[in-house]
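Here is the naming used below: chain letters follow the sequence lines, and residue numbers restart at 1 for every chain.
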Number of protein chains: 2
Amino acid sequence: MYIKSDAKQLIFDKKNNNFTGLIEFFNLKTNDIITIKKIAELANVSPGTVDRIIHNRGQVAQENVDKVNAIIEEYGYKRNILASNLALNKKFHIAVFLPKYENLEYWKSQISGVEKAAAEFVKFGIVLDYFFYDFNTESFQKQINKVLEFDCDGLLFAPIFYEDSVRFLKEYEKKNIPVVMIDSNISEENKHAYVGQNAFQSGYLAGRLISFAVKNERKVLIFKIAREIESTSVYLQRIDGFYSYFKDNNDLTNFTFSEITVKDSGTNQLNLDMFKDIHSVFVPNSRAYIVARFLEENNIKGVRIIGFDLLKENVEYLNKDVIDFLINQRPEEQGYLGINYLYKKLVLKEAVENTHYIPLEIILKENYFPAGK
Amino acid sequence: MYIKSDAKQLIFDKKNNNFTGLIEFFNLKTNDIITIKKIAELANVSPGTVDRIIHNRGQVAQENVDKVNAIIEEYGYKRNILASNLALNKKFHIAVFLPKYENLEYWKSQISGVEKAAAEFVKFGIVLDYFFYDFNTESFQKQINKVLEFDCDGLLFAPIFYEDSVRFLKEYEKKNIPVVMIDSNISEENKHAYVGQNAFQSGYLAGRLISFAVKNERKVLIFKIAREIESTSVYLQRIDGFYSYFKDNNDLTNFTFSEITVKDSGTNQLNLDMFKDIHSVFVPNSRAYIVARFLEENNIKGVRIIGFDLLKENVEYLNKDVIDFLINQRPEEQGYLGINYLYKKLVLKEAVENTHYIPLEIILKENYFPAGK
DNA sequence: GCAAAAACCGTGTGCGTACACGCAAAAATA
DNA sequence: TATTTTTGCGTGTACGCACACGGTTTTTGC
């Protein structure tokens with residue numbers, strides 16, 4: 001692409017949908033946009049016929065089909081989204097299948113991103129239908145059936161419970177409706193869309209940050225604070241990635257690792273022995289604040305903590321210098337982009353990249369800015 | 001906001017443009033969307049009158065104005081963007097006033113974000129008109145006049161040269177056309193829109209990262225590699241923020257600071273004396289790779305380097321562990337969001353937040369992913 | 001009190017697409 | 001050949017909005 005200055009315009013290539021060259025701007029003033037009506041003229045058929053061809057609605061002679069398609073190809077016809085949707089006058093229903101978010105800050109953010117997108121796209125006919133499930137498999141399974149029954153044009157889905165989700169997805173595929181997953185990805189060979197982080201890599205990064213932060217103090221604790229069932233693969237992939245970092249850097253023997261698992265119910269499950277000689281703690285989910293709180297309450301200092309997600313409590317300890325790093329998953333962006341994907345797919349009928357990895361954002365006290373950033 | 005599960009919908013509050021509650025989904029099927037025609041009926045006037053009132057085109061009795069406005073308020077009328085733009089059939093011209101980007105990776109990314117947005121919004125009538133300037137004030141001033149003469153609906157602008165930019169902006173304000181600045185912000189009291197980082201804070205963060213990375217090795221070099229004229233305030237703000245970090249943490253005396261300024265023309269301006277006893281180097285612009293290259297060529301190891309921007313050369317040394325941290329400004333996102341702002345303003349006629357700070361993204365080898373991330 | 005000017009307002013058409021409807025010609029059946 | 005069925009295709013209208021045009025009413029000046 002070559003560039004000259006002054007009031008010029010990059011040429012927009014209608015066929016390939018991008019910019020290729022540069023022309024004087026007034027050349028574009030001439031409205032050379034090709035419409036159905038013009039195609040009809042060129043092909044000596046009526047607009048109705050062109051319409052039928054475009055929508056594969058049949059009832060048109062092959063001769064005309066070929067003629068019109070040739071013209072469409074040649075002139076690079078793109079249907080006018082505005083007029084199209086105006087005429088369609090149709091609502092696109094998206095089923096949103098997520099954990100019930102009361103008291104779950106992370107999922108609250110996801111929803112708020114979803115709603116932001118919804119508010120932005122109502123004008124294009126996007127309508128959301130929510131299906132929430134509690135954090136247990138019974139609730140999840142119950143909702144699965146409702147989602148399967150529900151008639152819609154797209155699905156946004158957080159596959160928290162692995163096995164059930166895989167089964168559900170297999171069943172849902174029969175519908176042949178676009179599906180986006182957020183938070184964690186269980187799609188085989190990229191069959192469905194995904195918006196979220198690369199969990200393995202986020203653990204890997206955590207490993208790097210730990211090894212960076214501690215110099216000659218090399219006792220690392222991996223602290224797993226889980227709910228009843230935390231079968232999410234995210235969790236395991238992060239730990240996997242974490243170890244992999246040290247393996248790749250031939251540091252597995254220079255560091256000492258230990259793992260502890262407790263149930264998520266306050267700090268009363270923790271005790272001082274757990275942290276004896278420990279120099280740094282890796283919490284592979286969003287509950288780093290529990291460790292932080294315990295260490296603070298017991299006045300233990302100098303332990304590096306690294307965790308995930310900008311929950312209020314996590315941020316509190318980040319600001320107090322108790323937690324050193326948080327890796328942000330940008331839940332709001334995930335929710336937004338999930339809906340945005342379906343909008344592009346359904347309304348704009350555009351081709352969209354299937355996988356969108358959210359950057360691994362490292363947050364320290366110094367680059368944490370609430371809300372507006 | 002309360003939530004129940006199953007096929008429900010969050011209620012969309014048309015007046016305030018967000019979600020407030022939850023209703024059964026089929027309730028929404030009833031098309032209760034208020035249109036100009038319906039308003040006309042309710043007010044006992046013709047659609048034309050309503051139209052005139054909405055567009056403040058005058059020629060309508062005050063009585064009717066009030067009546068119609070009341071109805072608009074009551075029913076929360078929102079004009080249909082699709083129909084509106086379809087009928088308008090207008091092109092929105094945006095002047096894009098940026099440095100010539102040949103051989104400037106950072107600005108190339110900015111443009112590519114701009115073009116991505118342009119490709120996305122052509123269908124809504126967005127058209128870009130480029131004005132490029134070379135990296136000297138003469139070229140800039142020459143282009144200023146062309147931009148001032150040029151008739152358009154919005155301006156995207158990178159104010160590289162501070163004084164000239166301030167003057168230009170003052171002049172441009174007379175046009176009363178929305179302006180977005182990217183990269184650096186010279187807008188007084190938030191008068192114009194801005195997309196970019198908080199430069200001060202990015203320097204502050206760099207300070208933290210340095211103090212984090214070096215333990216008892218506390219000689220810090222601030223390495224300024226500048227072009228002929230590098231009067232950008234960004235540059236100075238970063239250095240300011242950098243020192244501020246140490247000041248705020250009472251570390252100004254624990255660390256030793258030195259500053260060196262060289263012209264940007266390869267490593268031949270550097271010499272070994274510059275790095276004597278130095279433990280870490282802060283490069284407050286995108287040319288950290290010059291320091292990295294010099295240190296590598298001279299086989300000097302163990303010096304921490306922190307810089308800005310994911311230029312190919314920077315990334316190369318990041319991957320070689322010569323550069324430790326890069327703070328990413330996400331130029332592509334800046335360009336995209338700049339145009340996106342004007343799209344929302346011009347096409348959607350929405351109220352948009354004036355300042356959008358790009359997050360201070362810390363990039364290590366382990367969380368650098370080219371392109372798709 | 002009348003003409004001219006000004007203020008007010010409704011109608012109609014177009015934007016580009018989608019689709020129902022129905023007519024005509026061709027093909028199939030009697 | 002007459003009749004039905006199928007296939008092909010054109011017409012017309014709607015989607016919601018913008019705006020030109022021209023008509024009607026009110027105001028102003030003399």
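Look at CD1 on Ile53(B): it is 14 Å from P on dC17(D), rounded to the nearest Å. Rounded to whole Å, the distance from CG on Asn89(A) to C1' on dG16(D) is 9 Å. Between the CZ atom of Phe124(A) and the P atom of dG16(D) there is a distance of 15 Å, given to the nearest Å. The nearest whole Å value for the distance from the CG atom in Leu86(B) to the P atom in dC17(D) is 12 Å. Taking atom CD on Glu63(A) and atom C1' on dA26(C), their separation rounds to 14 Å, with Å as the unit. Here dG8(D) presents its P atom at 14 Å from NZ of Lys67(A), a figure rounded to the nearest Å. Rounded to an integer number of Å, the gap from Ile72(B) CD1 to dG16(D) P is 16 Å. Separating the NZ atom of Lys38(B) from the C1' atom of dC15(D) is a distance of 12 Å, rounded to the nearest angstrom.
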### Query
When you look at Val180(A) and Lys345(A), which way does the side chain to side chain contact (heavy atoms under 4.5 Å, CB included) test go after all the steps?
CA-CA 11 Å; Val180(A) 197; Lys345(A) 199 97 181 175; over 6 Å; no

### Message
Apply side chain to side chain contact (heavy atoms under 4.5 Å, CB included) to residues Phe121(A) and Leu346(A) and explain how you reach the verdict.
### Response
CA-CA 11 Å; Phe121(A) 301 135; Leu346(A) 298 173; over 6 Å; no

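Centroid-to-centroid, the aromatic rings of Phe157(A) and Tyr172(A) stay 6.0 Å apart or farther.
When only modelled atom types and interatomic distance are considered, Thr35(B) and Asn80(B) share no side-chain donor-acceptor pair under 3.5 Å.
Across all strands shown, the partner of dC15(C) is dG16(D), judged by Watson-Crick or G-U wobble contacts whose two distances both fall under 3.5 Å.
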### Query
Which letter, B, S or -, goes with each nucleotide of nucleotides 17-24 of chain C from 5' to 3', with contact meaning a protein heavy atom under 4.0 Å?
BBB-----

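A cation-pi geometry, defined here as NZ or CZ lying under 6.0 Å from the six-membered ring centre and within 45° of its normal, holds between Lys90(B) and Phe92(B).
Between the side chain of Asn85(A) and the backbone N or O of Ile81(A), at least one donor-acceptor pair lies under 3.5 Å.
Checking the phosphate oxygens (OP1, OP2) of dG10(C), a side-chain nitrogen or oxygen of Ser46(B) falls inside 4.0 Å.
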